[in-house]
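Just the heavy atoms: all of them, side chains too, but no hydrogens, waters or symmetry mates, feed the values below. This structure is a prediction, so every number in the text was calculated from the model and none was measured. We count residues from 1, following the sequence as given.
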Amino acid sequence: MARAIFTLIFLFSFSNLVFAECNSNLYGKWLVTGKSYENSKDIKPLSFKMSWNYKKDGTVDIGMGDMIAATEKFECSGSKVTILKEYPSVMTIVKLTKNKFEYQEEGDFYIYYMTK
């Protein structure tokens with residue numbers, strides 16, 4: 001019995017480490033306000049509403065207007081956030097503060113701008 005309790009405590013402690021590398025500013029609901037080509041100063045608004053809600057349990061709610069709503073798992077490693085969907089998306093954090101989040105998705109030329 002004591003061994004089972006120790007094992008559960010160990011696994012629970014380890015599961016919290018998976019998300020320990022995420023910057024605390026990442027958590028919360030973000031609204032995409034625009035995008036620019038290769039970080040130019042010409043920021044264009046998106047033609048649809050898009051939101052990301054990062055949660056401390058390692059899931060993110062993704063919303064695209066009335067078209068798409070999904071919840072996926074994610075993980076962090078340095079300046080990378082990986083959305084663990086069928087085909088994982090890797091986002092490189094360009095800037096992350098309490099109220100501003102800029103990222104570039106792997107393979108994309110656009111920088112996306114978000115605010116809380």
Side-chain angles (χ1 to χ4, degrees):
M1 180 70 163
R3 184 177 217 179
I5 292 172
F6 174 78
T7 302
L8 286 173
I9 291 170
F10 176 77
L11 291 174
F12 179 73
S13 298
F14 183 77
S15 69
N16 287 339
L17 293 176
V18 173
F19 311 111
E21 292 186 46
C22 293
N23 183 317
S24 62
N25 289 328
L26 179 68
Y27 301 110
K29 186 171 184 178
W30 295 94
L31 301 175
V32 180
T33 57
K35 66 181 182 178
S36 69
Y37 186 76
E38 293 185 336
N39 208 15
S40 73
K41 299 300 176 195
D42 186 23
I43 299 172
K44 307 250 186 235
L46 294 183
S47 58
F48 55 90
K49 291 183 181 182
M50 187 171 180
S51 65
W52 300 77
N53 187 11
Y54 290 93
K55 300 176 186 174
K56 290 185 179 184
D57 68 356
T59 61
V60 58
D61 296 328
I62 305 165
M64 292 179 151
D66 295 330
M67 300 180 292
I68 297 174
T71 299
E72 303 289 349
K73 291 183 179 184
F74 74 94
E75 62 186 21
C76 301
S77 179
S79 65
K80 307 273 188 203
V81 177
T82 303
I83 309 299
L84 302 169
K85 52 188 181 177
E86 185 175 350
Y87 299 103
S89 296
V90 179
M91 302 160 59
T92 300
I93 297 171
V94 175
K95 181 177 185 177
L96 179 59
T97 65
K98 186 176 179 181
N99 296 312
K100 290 185 180 182
F101 181 14
E102 299 172 11
Y103 72 91
Q104 183 173 22
E105 193 166 342
E106 194 171 85
D108 196 348
F109 293 104
Y110 287 97
I111 303 289
Y112 293 88
Y113 301 86
M114 298 193 282
T115 60
K116 279 192 178 175

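- Grouping Ile, Leu, Val, Met, Phe, Trp and Tyr by side-chain contacts under 4.5 Å, direct or through others, leaves Leu31 on its own.
- For the salt bridge (charged side-chain N to carboxylate O under 4.0 Å, His left out) test, residues two or more places apart in sequence or in another chain that qualify with Asp61 are Lys55.
- The hydrophobic cluster containing Met91 also contains Phe109, counting ILVMFWY residues as joined when their side-chain heavy atoms lie under 4.5 angstrom apart, directly or transitively.
- Ser79 meets the side-chain contact (heavy atoms from CB on, under 4.5 Å) test with Thr92; sequence neighbours excluded.
- The side-chain hydrogen bond (donor to acceptor under 3.5 Å, both in side chains) test applied to Lys44 returns Asp42, not counting sequence neighbours.
- Legend: side chain to side chain donor-acceptor pair (under 3.5 Å) pairs involving residues 93-109, not counting sequence neighbours, sorted by first then second residue: Ser89-Glu105, Asp108-Tyr112.
- Checked options Met64, Met114, Lys35; the residue passing with Met50 is Met64 (criterion: side chain to side chain contact (heavy atoms under 4.5 Å, CB included)).
- Remark: Phe48 engages no residue in a ring-ring contact (aromatic ring centres under 6.0 Å, His included) (not counting sequence neighbours).
- Contacts of Ser24 classified as side-chain contact (heavy atoms from CB on, under 4.5 Å), with partners at least two apart in sequence or in another chain: none.
- With values rounded to the nearest 0.5 angstrom, Leu26 atom CG is found 5.5 Å from Phe74 atom CZ.
- With sequence neighbours excluded, the residues satisfying ring-ring contact (aromatic ring centres under 6.0 Å, His included) with Trp30 are Phe101.
- Tyr113 belongs to a hydrophobic cluster with Ile43, Val94, Ile111, counting contacts under 4.5 Å between side-chain heavy atoms of Ile, Leu, Val, Met, Phe, Trp and Tyr, direct or through other members.
- Within a 6.0 Å radius of NZ in Lys116, more than 12 heavy atoms belonging to other residues, nucleotides or ligands are found.
- Summarising the geometry, atom CG belonging to Asn53 is positioned 10.5 Å from atom CD1 belonging to Ile62; distances are rounded to the nearest 0.5 Å.
- The CD atom of Glu75 sits 9.5 Å away from atom CD1 of Ile83, with the distance rounded to the nearest 0.5 Å.
- For Tyr54, there are no side-chain hydrogen bond (donor to acceptor under 3.5 Å, both in side chains) partners two or more places apart in sequence or in a different chain.
- Cluster annotation: Val32 is connected to Tyr37 through the hydrophobic network of ILVMFWY side chains, with a link wherever side-chain heavy atoms come within less than 4.5 Å.
- Here the closest heavy-atom approach between residue Cys76 and residue Val81 is recorded as SG-CG2, 4.2 Å.
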